[in-house]
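Residue numbers run from 1 in the order of the sequence given.
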Amino acid sequence: MTTMMTERVARQPSDDDAEPKFEYPGLPTTCDGAEAVVWVESRISQGSGAFPITSSTTMGGGFNAAMMNGIPNLWGDQLVFVEPESEHSAATFCEGFALAGGRVTNFTSGQGLILMKEVLYTISGKRLGMVFNIGSRALTSQGLNVHAGHDDVCGVADCGWGMVFARNAQEAGDLCLISRRAAEASKTPFFNVQDGFLTTHTVESVRLIEPEFMKEFVGKPETKLMNYMDPANPVMSGVVQNQDSYMKGKIAQRWYYEQCEPALRDAFEEFYLKTGRRYDFVMPYRCDDAEYIIVGMGSYMETAQATVDYLREKRGMKVGCLNIVCFRPFPSQAIIDALKDCKAFTVIERMDDPLSTTGNHLTREIKAAFCDGITGQNGIEKISRIPSIFHGAAGLGSRDVRPGDLIAIYDNMVEKGPDFFTVGIKHPLNLIIKEDPDLRPRGGFSMRGHSVGGFGSVTTNKVIATIGGQVFGKDVQAYPKYGSEKKGLPTTYYLTIADSHIYTHSELEHVDLVVLNDTNALFSGDPLTGIVKGGAIFMQSPYTTPAEVWQRIPDHQKKTIRDKQLRIYFIDMVKIARTVASEADLEMRMQGIVLLGGFLKLTPYSKASGMTDAEVYGGVEKALRKYFGKRGDQVVEDNLNCVKQGYNDMQEIPAEIISA
């Protein structure tokens with residue numbers, strides 16, 4: 001399948017090979033953003049109070065699993081996990097745990113975060129330096145959505161908490177530890193935010209933080225935290241304050257907030273010195289000479305980096321992007337310094353607040369910062385001009401944000417288009433995509449699967465990513481797309497494997513392999529859209545001969561197959577799963593894992609690795625055990641047998657049948 005390894009058009013950002021060696025470079029693995037957070041919290045915290053809510057549930061579940069398995073934290077403390085009756089009660093539990101001197105965390109999202117808002121004010125007011133990990137989610141408004149949006153975290157931006165945003169799984173884990181150190185140093189609670197599903201559930205290549213470094217970086221809880229309930233050291237907390245004292249107490253809190261910026265800066269710097277991974281309040285990319293800059297928070301800012309490189313290389317445009325890592329405390333001066341010399345910049349946000357006529361939350365804050373800059377007030381250095389400011393709503397409810405959308409945003413600045421716009425939908429405010437290039441890394445391999453919830457395909461995609469990263473040593477990104485209904489309805493899943501970091505966080509339009517676990521997609525949709533010339537199809541079929549399979553493919557799909565010179569492979573995944581599964585409830589779910597055998601055969605990674613079949617299958621078994629080990633050895637063995645049958649029994653439709 002080496003013909004699938006096609007050259008890409010974009011120059012991708014590359015790591016600096018001249019970087020010095022660091023004491024704690026991280027432990028290479030593959031995991032999603034939720035797992036990266038659990039890796040940290042289950043080792044440095046003592047307890048958690050959380051109520052399950054999508055997309056943060058897997059974080060709470062991971063912490064609870066560590067507790068149930070009797071795994072202590074780094075100082076030998078047995079973990080405590082409490083699931084009360086609501087998110088409000090979970091926040092209250094965390095407040096009490098911290099008041100007693102414990103290091104505590106929470107995992108929440110969307111409406112759950114808003115429900116606990118009342119308690120968030122008292123947590124910050126009592127100076128309880130804890131960390132809540134957020135899978136940011138669109139709030140239920142005209143409809144329910146369980147996917148990414150920033151209106152939940154912006155809805156609690158006034159609660160007196162610090163707030164940092166991760167773009168990927170690596171940053172989610174790193175910022176979890178960094179924010180903990182800053183929170184305890186400043187006695188100010190922090191939110192560690194990652195995009196729901198887009199980061200919480202996307203499997204990527206990650207370097208997990210070494211336990212020794214975590215222990216060193218944040219220290220033992222008892223040495224960092226105060227027990228407000230210690231009878232030997234009594235204090236008053238949560239008292240009633242009337243007209244004579246409330247304002248004095250409120251304004252006195254400012255002293256603590258003045259510690260936030262230096263505490264976070266210290267944490268960023270110390271983290272870099274020990275790991276080599278650098279973070280800052282804002283992270284500009286190619287902004288020094290940029291005339292047009294996109295500003296934002298979260299996962300689509302990595303897609304922006306790849307788009308910047310493409311536009312500079314292919315169009316010669318002087319463009320850049322500015323990733324806002326820290327939303328609270330708001331880094332006004334750093335933002336102005338990065339943007340003041342450009343012609344125009346655009347702020348994109350995963351929310352929409354129409355009654356604020358000056359823009360959404362981040363836009364308003366940046367405009368206010370420039371107002372201080374033009375007047376030289378509030379400690380901001382005086383500037384002489386303000387660039388043109390555009391702003392837009394993008395990616396609400398995990399709506400796809402593509403390189404083409406970002407190119408349209410840059411073009412809108414150049415053309416002095418509408419001040420406010422949307423991308424990704426059909427609407428009068430929407431910018432039209434005129435160009436949507438393939439920005440995957442050169443030499444990368446991408447797969448898109450069309451399946452049904454409950455077939456086990458999404459888990460299989462994670463297993464393949466794990467093997468690609470941990471067995472073959474590649475950089476991976478695996479992302480599932482499904483709605484809140486999940487089981488029984490159509491799902492789509494995506495996988496990219498490459499030699500370098502994968503910057504694009506968008507649905508794959510350009511793919512080398514299309515997998516059809518659900519062949520209804522051939523009749524009800526267009527699953528072959530974007531498949532490269534010479535690519536391949538791997539499909540479920542109950543038929544045993546190539547002629548029978550070809551006969552049942554719709555004519556319009558046959559034309560695409562011929563025009564693009566695609567190869568077709570088929571196998572009866574359903575029959576294999578039914579035959580192999582030792583437990584009846586696994587028959588449906590195990591059909592997805594058969595794909596792994598096809599993947600090993602169709603891609604060059606196994607041969608290129610120089611590994612023997614036994615070594616490859618040893619790595620496969622290890623990955624299967626990660627996801628299915630809790631069901632017992634027999635289930636792991638059943639899945640491995642499905643993989644082997646997928647490898648051995650897959651058939652190809654000959655070219656002479658396709659061309660006849």
Practice task
Begin with the C-alpha distance, continue with both residues' side-chain angles, and end with the deciding distance and a verdict on side chain to side chain contact (heavy atoms under 4.5 Å, CB included) for Val423 and Phe421.
Solution key: CA-CA 7 Å; Val423 292; Phe421 58 84; 4.1 Å; yes
Practice task
Begin with the C-alpha distance, continue with both residues' side-chain angles, and end with the deciding distance and a verdict on side-chain hydrogen bond (donor to acceptor under 3.5 Å, both in side chains) for His501 and Glu204.
Solution key: CA-CA 9 Å; His501 182 65; Glu204 299 179 90; 5.3 Å; no
Exercise for the section: For ring pair (Phe, Tyr, Trp, His ring centres under 6.0 Å), just list the numbers for Phe345 and Tyr410, CA-CA rounded to whole Å, side-chain angles, deciding distance to a tenth of an Å, and then say yes or no. Expected result: CA-CA 9 Å; Phe345 64 85; Tyr410 284 115; over 10 Å; no
Exercise for the section: Begin with the C-alpha distance, continue with both residues' side-chain angles, and end with the deciding distance and a verdict on side chain to side chain contact (heavy atoms under 4.5 Å, CB included) for Gln194 and Val37. Expected result: CA-CA 10 Å; Gln194 57 181 308; Val37 164; 3.5 Å; yes
Practice task
Could you give me the CA-CA distance, side-chain angles and deciding distance for Lys187 and Gln259, then say whether side chain to side chain contact (heavy atoms under 4.5 Å, CB included) is met?
Solution key: CA-CA 8 Å; Lys187 292 184 170 56; Gln259 315 308 311; over 6 Å; no
Practice task
Dump the intermediate steps for side-chain hydrogen bond (donor to acceptor under 3.5 Å, both in side chains) on Asp158 and Tyr121, then the final yes or no.
Solution key: CA-CA 9 Å; Asp158 63 340; Tyr121 288 106; 2.9 Å; yes
Problem - Derivation of the ring pair (Phe, Tyr, Trp, His ring centres under 6.0 Å) call for Phe217 and Tyr24 - result: CA-CA 11 Å; Phe217 191 73; Tyr24 297 107; over 10 Å; no
Exercise for the section: For Ser299 and Arg350, run side chain to side chain contact (heavy atoms under 4.5 Å, CB included): C-alpha distance rounded to whole Å, both residues' side-chain angles, the deciding distance at 0.1 Å, then the answer. Expected result: CA-CA 11 Å; Ser299 57; Arg350 282 193 191 272; 3.4 Å; yes
Practice task
Evaluate side-chain hydrogen bond (donor to acceptor under 3.5 Å, both in side chains) for Glu349 paired with His150, printing each intermediate quantity in order.
Solution key: CA-CA 7 Å; Glu349 301 183 65; His150 290 171; over 6 Å; no
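Residues Leu177 and Met214 are in side-chain contact: their nearest non-hydrogen atoms beyond the backbone lie under 4.5 Å apart. With contacts defined as side-chain heavy-atom distances shorter than 4.5 Å, the pair Met301/Cys321 qualifies. Between Lys215 and Arg43 the shortest side-chain heavy-atom distance does not fall below 4.5 Å. With a 4.5 Å cut-off on side-chain heavy atoms, Ser56 and Ile134 do not count as touching. Side-chain contact between Leu120 and Phe191 is present, with at least one heavy-atom pair separated by less than 4.5 Å. Taking 4.5 Å as the limit, every side-chain heavy atom of Val319 sits out of range of all side-chain heavy atoms of Ile293. Between Arg167 and Met283, the closest side-chain pair of non-hydrogen atoms falls below 4.5 Å.
Ring pair Phe197/His201 is tilted by interplanar angle, where 30° to 60° counts as tilted.
Here Arg181 contributes atom CZ and Ser186 contributes atom OG; the two are 12.0 Å apart, rounded to the nearest 0.5 Å. Here Ile324 contributes atom CD1 and Phe330 contributes atom CZ; the two are 6.5 Å apart, rounded to the nearest 0.5 Å. Expressed to the nearest 0.5 Å, how far CG of Leu406 lies from CD of Gln305 amounts to 11.5 Å. Taking CD of Glu95 as the reference point, atom CE of Met116 lies at 12.0 Å (rounded to 0.5 Å). To the nearest 0.5 Å, the span separating CZ on Phe63 from CG on Asn106 amounts to 10.5 Å. How far CZ of Arg328 is from SG of Cys159: 10.5 Å, rounded to the nearest 0.5 Å.
One finds a salt bridge joining Asp353 and Arg364 here, because a Lys/Arg side-chain nitrogen approaches an Asp/Glu carboxylate oxygen to under 4.0 Å. Taking a cutoff of 4.0 Å between a charged side-chain nitrogen and a carboxylate oxygen, Arg385 and Asp341 do not qualify as a salt bridge. Here Arg103 pairs with Glu184 in a salt bridge; the nearest charged N to carboxylate O distance falls below 4.0 Å. Using a cutoff of 4.0 Å between basic side-chain nitrogens and carboxylate oxygens, Asp499 and Arg442 are not scored as salt-bridged. Salt-bridge annotation for Lys117 and Glu87: absent, with no side-chain N of the basic residue lying under 4.0 Å from a carboxylate O of the acidic one. A salt bridge is defined here as a Lys NZ or Arg NE, NH1 or NH2 lying under 4.0 Å from an Asp or Glu carboxylate O, and Glu270 with Lys274 meets this definition. Taking 4.0 Å as the cut-off between side-chain N and carboxylate O, Asp152 and Arg137 do not count as a salt-bridged pair. Salt-bridge check for Asp411 with Arg315: passed, with a basic side-chain N closer than 4.0 Å to an acidic carboxylate O. Salt-bridge annotation for Glu269 and Arg265: absent, with no side-chain N of the basic residue lying under 4.0 Å from a carboxylate O of the acidic one. Asp309 and Arg286 are joined by a salt bridge, as a carboxylate oxygen and a charged side-chain nitrogen come within less than 4.0 angstrom of each other.
With Trp39 contributing its side chain and Ile209 its backbone, the two residues share a donor-acceptor pair below 3.5 Å. In this structure, the side chain of Asp400 does not engage the main chain of Arg402 through any donor-acceptor pair within 3.5 Å. At distances below 3.5 Å, at least one donor-acceptor pair connects side-chain atoms of Asn412 with backbone N or O atoms of Pro418. No donor-acceptor pair closer than 3.5 Å links the side chain of Thr346 to the backbone N or O of His391. No donor-acceptor distance shorter than 3.5 angstrom exists from the side chain of Tyr279 to the backbone of Leu175, with no hydrogens or angles considered. Looking only at distances, no side-chain donor or acceptor of Thr504 sits under 3.5 Å from a matching main-chain atom of Ser506. Between the side chain of Thr57 and the main chain of Ile53, a donor-acceptor pair closer than 3.5 Å is present. Asn168 contributes a side-chain N or O that, together with a main-chain N or O of Glu171, makes up a donor-acceptor pair within less than 3.5 Å. For Asp280 (side chain) and Val282 (main-chain N/O), no donor-acceptor pair under 3.5 Å exists by modelled atom type. Side-chain atoms of Lys224 never come within 3.5 Å of backbone atoms of Ala185 as a donor-acceptor pair (strictly under, hydrogens ignored).
For Tyr246, the OH atom sits in a loose shell: 12 or fewer heavy atoms of surrounding residues, nucleotides or ligands are nearer than 6.0 Å. Heavy-atom contacts from other residues, nucleotides or ligands closer than 6.0 Å to CD of Glu435 number more than 12. Within a 6.0 Å sphere centred on NZ of Lys382, other residues, nucleotides and ligands contribute more than 12 heavy atoms. A 6.0 Å sphere centred on OH of Tyr256 holds no more than 12 heavy atoms belonging to other residues, nucleotides or ligands.
Two rings, from Phe327 and Phe281, have their centers 6.0 Å or more apart. Between Phe22 and Tyr272, the distance from one ring center to the other falls under 6.0 angstrom.
Residues Leu508 and Ser446 come closest through the heavy atom pair CD1-CB, 3.8 Å.
Within the cation-pi definition used here (under 6.0 Å to the ring centroid, within 45° of the axis), Arg207 does not qualify as a partner of Phe213.
At a cut-off of 3.5 Å, with distance as the only test, a side-chain donor of Asn133 or Thr105 sits close to an acceptor on the other residue. Side-chain atoms of Gln377 and Thr375 include a donor-acceptor pair closer than 3.5 Å.
Evaluated for a side chain to side chain contact (heavy atoms under 4.5 Å, CB included) with Met317, the options Leu311, Ile407, Val308 yield exactly one hit, Leu311.
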